[in-house]
Amino acid sequence: MSKSRMAGPPPGPFRRSFWRSPIRGPWLTSVFGLMLLAAIPVMFVTGLLSYAAYNPDLSPVNDTTPGKGLLGFYLFSWPTHPVWLYRLNQGVHVTLGLMLVPILLFKLWSVLPKLFEWPPLRSPAHMLERVSLFLLVGGAGFEFVTGILNIQTWYKFPGSFYPLHFYGAWVFTAGFVVHVSLKLPTMIRALRSRSLIGELRTGLARTRPEPPDAGYLASPAPAAPTISRRGVLAFAGAGSLLIGLLTVGQSAGGPLRRTALLAPHGQDVTGGRRDFQVNKTAAEVGITTSQTGASWRLTVGKAGQAARAPVVLSRADLLRMEQHTASLPIACVEGWSTENQAWTGVRLRDLALMAGVTRPASVLVQSLQNGGAFGQTVLSAGQIMDPDSLLALRVNGADLTPDHGYPARVIVPAIPGVHNTKWVASLTFQA
Ligand SMILES: Nc1nc2c(c(=O)[nH]1)N[C@H]1C(S)=C(S)[C@@H](COP(=O)(O)O)O[C@H]1N2
Ligand SMILES: [Mo]
């Protein structure tokens with residue numbers, strides 16, 4: 001026996017008898033664990049898809065995550081159809097992520113005694129398990145906090161959101177995979193130890209503690225229950241559903257939009273009843289009417305061909321070109337989306353032809369807005385060539401308003417909202 005074992009654990013939470021909840025135990029932990037086991041892979045997949053949708057490999061501006069090469073092994077060219085693809089992906093990622101917050105908190109509560117396990121390290125295997133827990137709990141906390149801060153547009157990160165959330169996801173997932181492989185047999189055994197239906201029929205009066213377990217979850221000295229397991233599950237489930245209901249409308253739209261009280265962009269509409277949401281107004285980013293008035297010109301060029309002068313077009317020139325209308329949403333990484341709107345303008349592929357590029361590999365879009373990640377973007381070949389990809393001049397039958405990007409904005413089907421650059425100044429096609 002080691003010296004510390006002889007001395008016994010320090011007082012307080014390090015003593016198992018400190019933890020007295022009669023409902024804490026492997027069964028309850030496993031029920032919350034099963035919910036997370038079903039949902040976390042969905043978060044991981046939708047997150048990786050969202051990252052792929054950003055065209056992070058298109059230089060020079062879309063994403064600057066250093067050394068993502070290895071972790072970006074799966075990156076592919078994001079499709080343009082169906083047009084609601086990114087809207088659905090982000091709606092699921094953000095809504096499900098928020099709904100998991102209560103489940104995660106209850107799960108952490110249910111395993112709290114393990115944080116004070118004594119002795120803290122029993123063997124090399126035990127040490128490995130605890131390191132994986134550090135990645136798991138730390139990674140989960142990091143992913144949830146950075147994600148929630150981003151959707152609340154509180155961009156106070158040391159650097160960009162993407163690298164942080166992307167690397168965090170891989171760390172968290174590594175911890176998750178180790179944890180699930182270690183705990184799966186225990187979880188299955190625990191789930192079989194009680195019947196869910198039975199628990200849902202058991203009120204407070206008949207609530208009995210789980211028997212003490214090797215995993216240190218159940219209390220050796222349980223107090224009298226003050227809530228049933230049914231009550232805890234109902235509380236967690238209702239919290240999760242309520243958060244879902246107050247969020248989902250920002251992506252789903254329709255009548256649900258009015259219930260999206262937790263969504264920062266869910267309901268802002270600046271321009272009257274038939275208008276739709278605006279993330280950032282012209283005033284907010286310092287775009288003035290002197291920049292967007294009659295003197296505005298669009299520069300359409302070809303990269304790497306200094307000899308050839310770029311084409312310079314006024315808004316009237318653009319309006320004289322063949323106009324095309326497409327019904328497309330704007331879907332932001334933050335989870336909020338607009339309904340489909342009827343955007344009208346010039347096809348990007350027609351503008352590529354004007355620049356003398358028949359088979360564009362990419363296009364650099366630059367805005368009047370100086371600097372910053374939002375002022376420029378790069379689109380892929382598939383996105384340029386889609387017949388619904390436009391440099392939009394009008395929306396829903398009227399000229400773009402300043403807040404919607406007048407004189408011209410990019411709109412591309414199924415793309416992350418951030419690539420729909422407003423107040424466009426130049427397009428530079430790469431052959
Ligand atoms: N020039 C410019 N374009 C921009 C932005 C911006 O801040 N500046 N925001 C982007 C983001 S993050 C999104 S989600 C969409 C939102 O479009 P909206 O502001 O018209 O709602 O525009 C994109 N285009
Ligand atoms: Mo966005």
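Atoms within a ligand are numbered from 1 in the order they appear, just like the ligands themselves.
Only the backbone of Gln277 comes within 4.0 Å of ligand 1, counting heavy atoms alone; no side-chain atom from C-beta on gets that close. When heavy-atom distances to ligand 1 are checked against a 4.0 Å cut-off, Lys280 comes that close through both its backbone and its side chain. Neither the backbone nor the side chain of Phe276 has a heavy atom within less than 4.0 Å of ligand 1. At a 4.0 Å heavy-atom cut-off, ligand 1 touches Asn279 through backbone and side chain alike.
Judged by distance alone, with hydrogens and angles left aside, the side-chain atoms of Arg315 form no donor-acceptor pair with the main-chain N or O of Trp296 at under 3.5 Å. Proximity of a side-chain donor or acceptor of Thr401 to a complementary backbone N or O of His404 within less than 3.5 Å is detected. Counting only distance, with no hydrogens or angles, the side chain of Ser295 and the backbone of Gln291 share no donor-acceptor pair below 3.5 Å.
Figure legend: Arg257 and Trp336 shown without cation-pi pairing, the cationic atom not lying both under 6.0 angstrom from the six-membered ring centre and within 45 degrees of its axis.
Ring-plane geometry between Phe166 and Tyr51 is classed as parallel, the angle between the planes falling under 30 degrees on a 0 to 90 degree scale with a further cut at 60. Ring geometry for Phe106 against Phe235 counts as perpendicular: the plane angle is over 60°, on a 0 to 90° scale with 30° as the lower cut.
Under a cut-off of 6.0 angstrom, the local environment of CD in Glu284 is crowded, with over 12 non-hydrogen atoms contributed by other residues, nucleotides or ligands.
Around atom 19 (O) of ligand 1, the closest heavy atom drawn from His404, Glu284, Lys422 belongs to Lys422.
Taking every non-hydrogen atom of Asn420 and a distance limit under 4.0 Å, the qualifying atoms of ligand 1 come out as 22 (O), 23 (C), 24 (N). Short contacts between ligand 1 and Thr421, defined as distances under 4.0 Å to a heavy atom of the residue, involve ligand atoms 3 (N), 24 (N). Near Trp423, meaning under 4.0 Å from any of its heavy atoms, are these atoms of ligand 1: 1 (N), 2 (C), 8 (N). Annotation for ligand 1: atoms under 4.0 Å from non-hydrogen atoms of Ser367 are 1 (N).
The closest approach between Arg409 and ligand 1 falls below 4.0 Å for a heavy atom of the residue.
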